[in-house]
Enquirer: 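I'd like to ask some things about the structure below.
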Amino acid sequence: MRKFICLALIAATTFILIQSCKKSDAGNPNNTGSSFDRKGVLTNISTNIIIPGYTAYQAATVNLDAAVTTFTAASNSANLVALQTAFQAAYKQWQVVSVFEIGPAAQIQLRVNTNTFPADINQINSNIATSTYNPGLLSNLAAKGFPALDYLLFGVGADNTAILAQYTTGANATYSKTYLAALSAELKKNATTVLNGWTATYKTTFINADGTDVGSSIGQLTNQLVFDYETLKNYEIGIPAGIQSMGTTYPQKVQAYYSKMSVQLVLLHLQTIQNIYTGSSGPGFDDYLISAKAQYNGGSLNSAIIAQFASATSKLQGLTDPLSLNIQTNNAAVTSAYTELQKLTVLLKTDMTSSLGILITYGDNDGD
Amino acid sequence: MLQLRDRFNPFFKGHLHIAPLAVLRIAFGTIMLVSVVRFILRGWVTAFYIKPKFHFTFYGFDWVRPPGATGIYLLFAILVLAAILVTIGLFYRVAIISFFLCFTYVELLDKTTYLNHYYFISVMAFLMIWVPANRNFSVDIWRKPDLLVNQIPAWTINIFKLQLLLVYFFAGVSKLNYDWLIAAMPLKIWLPASSHLPIIGGMLTQTWVAYAASWFGALFDLFIGFLLLDKRYRKPAYVLVIIFHLATGWFFKIGMFPYIMIFVTVIFFSENTHIRIINFLKRFLPQRKQTVFNRYQLSPFKARFIYGVLLLHFTVQLLLPFRYLLYPGKLYWTEEGYRFSWRVMLMEKGGTVFFHVKDLQTGKQSEIINSQYLTDFQETQMSTQPDMILQFAHFLAGEYQKKGIANPVVTAESYVTLNGSGSKLYIDSTVNLAKEQDGFGAKKWILPFQSNKK
């Protein structure tokens, strides 16, 4: 037995020598260990970003629903403009909360029920023509929420006079108004459910799930951040610009096609994702990366991410609404914004996630 | 030579009591039953084998395809039944062969789910096919009392000890490298991720803890097999086994593996211990008198056949973990020769890969949204494994041919970070992967790992 152990020791030593020579220069040997307060991040993000976000969003949907009520009671030009303004305010506010598909929002699948775009015009028109709308149907996902309202408030006529006509003298004027009311009521109901869920109990649950496995709050938040960011990149920019379709562009597939505020919305959306990353003025993911001394290309990963947020933002700022027109006239600018967004994908999805030691998939890992 | 044979023979042809083998059968069967039922209850059968539209098969095993929803659940039903039959020792040989075949088939369906511990289960089940684990304390004996034996050739027990020894030892050897020992990677990333745990949580963010854990882990894996073999150290060693596996099970999401190892390493204990275990279990069963004394006999032909199989098996087991030496480049980066080598929890690797399909006739190209074809789990696994990237590229070429593009050019722009290196370009993004063949040869289109310091 002793011989066995001796043999093993010799074999082991040989291997140390052989393999130690293959120095891989992995990472950061000077890492002093990251003492990081995940609970602090969760408290900050829930208190200062998520709940204020939902509070403002819920208020915006209440306004929107009230504006619909006013408009359906008195369908005139002034009330239409007021309704359009309320819609735009709510759609902007949605960009601030779209990423938080966890807890109460995940339960009611808030994201697809609120913002599945492009809107399915045929489905919307057929709902109106047949005076039927069932919010539970899968086929109605693209016939509800903001994209449907976008069409109904900005797309059913060439100008406001024509739009107004649809709700006053149009063949289906009455049901069109009923449909508007159903859609805004659904947005309000969902927003209220989620806000109440957070303020009642979920905030505590969220803060206390401070591990790093896939079900933990940091795990879920990271997953959603990456997922929602990729949605932004692909659906708000990539697909309309023809990145995924052999160069064939689909300008009508942009977010907010009819209200023509796609660039404004994508900028707000990106800003929210950046706010979660930085924790706004409190602790965020950036603090974790800084304390872990995460590296990128010889510098700090945090600086690289911040710089990439800045270049993506600046490229997007270079675009102008309507984005659909930009795509037709100057698609090179759109695709170059896409390229910057793409670089940020790698940093968030690969570098940030890997440095956090977060598990982003279900299933078991390899054991030891 | 003769001397060596004399020393070797008792380990092989000497006679031992059958109790350890019967206990192993029960332990393995039970833990397999729990594992398979857990897998089903978690919804993984659907998530891994029904939902995906595309599967990453193993090279040479393209013919292994999911048999549809009914078929795959039938396979799992057979696994459950076989695990029960193995545990109670009823129709043992049929049961263990079915278990081995069905389990291995399921594992071959998709390399996304490849885990060393699934491979370990296949290996254990394979070895159990050749031994008479049902010839004592089993329902088979109750059915056919003539089958009862007390003494069995030593090899039937020692092959399992040898297999376990190899698993631990190779796991240890694979830890003897710069990343693990000198940089304390990836534990320096992983341990702080558990800092929310009570009591020890705070310690896990300390650098010295990552070093201590790395070195202890390496030493444990290297020597635990030998310590378990030696009667003098066996008990403390087994206590270490329990502590070590429970601790890793607590820190990392590694499923059933810790419990499987805790169960099967019982084989190292003496026959007296195993007889006591069986006598303890017998208290819960109706009493029967068993006073026969029988030796297990194999016909010379069968014996020679089994020796041949085992010799081949262990030769492969010894060589497989070293095949990586035949490939150029850094193993963790290229992963050529990485699987089936007991390399576990060695690297924190993450990646993102964008595929582009180009039509040479029009010069136009598309970027692929991977999630339209793959599950999150598949995409995550693929993003750091070149053979999977190649497989998906071939799949995409096929998809676009169906769309009418005769010779689609498929390229992968992929970024990978390894043990905190920061993401680097991984695959040569100019290579048309549709034209590259999979195989055992070195993949020239994997870019070399670049050091941070230039």
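In what follows, every heavy atom counts, from backbone to side chain, and hydrogens, waters and symmetry copies are set aside. Convention: sequence-line order gives letters A, B, ...; per-chain numbering from 1. Keep in mind that what you see is a predicted model, and the values were worked out from it rather than measured.
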Enquirer: If only atom types and distance count, is the side chain of B:Thr352 paired as donor or acceptor with the main-chain N or O of A:Lys349 below 3.5 Å?
Expert: no
Enquirer: Can you find a heavy atom in the side chain of B:Glu367 that is under 4.5 Å from one in the side chain of A:Gln342?
Expert: yes
Enquirer: Is the number of heavy atoms from other residues, nucleotides or ligands under 6.0 Å of A:Phe227 CZ greater than 12?
Expert: no
Enquirer: Applying side-chain contact (heavy atoms from CB on, under 4.5 Å) to A:Met246 and B:Asp359, what does each step give before you reach the verdict?
Expert: CA-CA 8 Å; A:Met246 290 286 171; B:Asp359 182 351; 4.2 Å; yes
Enquirer: Only one of B:Thr417, B:Leu418, B:Asn419 passes side-chain contact (heavy atoms from CB on, under 4.5 Å) with A:Ser354; say which it is.
Expert: B:Thr417
Enquirer: Could you look at B:Gln365 and say if it's the side chain, the backbone, both or neither that has a heavy atom under 4.5 Å from chain A?
Expert: backbone
Enquirer: Determine the option with the most heavy-atom pairs under 4.5 angstrom with chain A, choosing from B:Gly351, B:Ala210, B:Ala184.
Expert: B:Gly351
Enquirer: Is it the side chain or the backbone of B:Val357 that comes within 4.5 Å of chain A heavy atoms, both, or neither?
Expert: both
Enquirer: Are there more than 12 heavy atoms of other residues, nucleotides or ligands under 6.0 Å from atom NZ of B:Lys358?
Expert: no
Enquirer: Counting only heavy atoms closer than 4.5 Å, note whether A:Lys343 contacts chain B via side chain, backbone, both or neither.
Expert: neither
Enquirer: Where does B:Ile405 contact chain A at under 4.5 Å (heavy atoms): side chain, backbone, both or neither?
Expert: side chain
Enquirer: Among B:Gly249, B:Ser194, B:Gly350, B:Ser423, who wins on heavy-atom pairs under 4.5 Å with chain A?
Expert: B:Ser423
Enquirer: Sort out for me which of B:Phe354, B:Phe39, B:Tyr415 touches chain A most, counting heavy-atom pairs under 4.5 Å.
Expert: B:Phe354
Enquirer: Let's test your reading of the structure: which of A:Val346, A:Leu347, A:Ile239 forms the most heavy-atom pairs below 4.5 Å with chain B?
Expert: A:Val346
Enquirer: With a 4.5 angstrom heavy-atom cut-off, could you sort out which part of B:Tyr400 is near chain A: side chain, backbone, both or neither?
Expert: side chain
Enquirer: Taking all non-hydrogen atoms of both residues into account, name the closest pair between B:Pro192 and A:Tyr288 and its distance.
Expert: CB-OH, 4.0 Å
Enquirer: Sort B:Phe220 into side chain, backbone, both or neither according to what part of it lies under 4.5 angstrom from a heavy atom of chain A.
Expert: neither
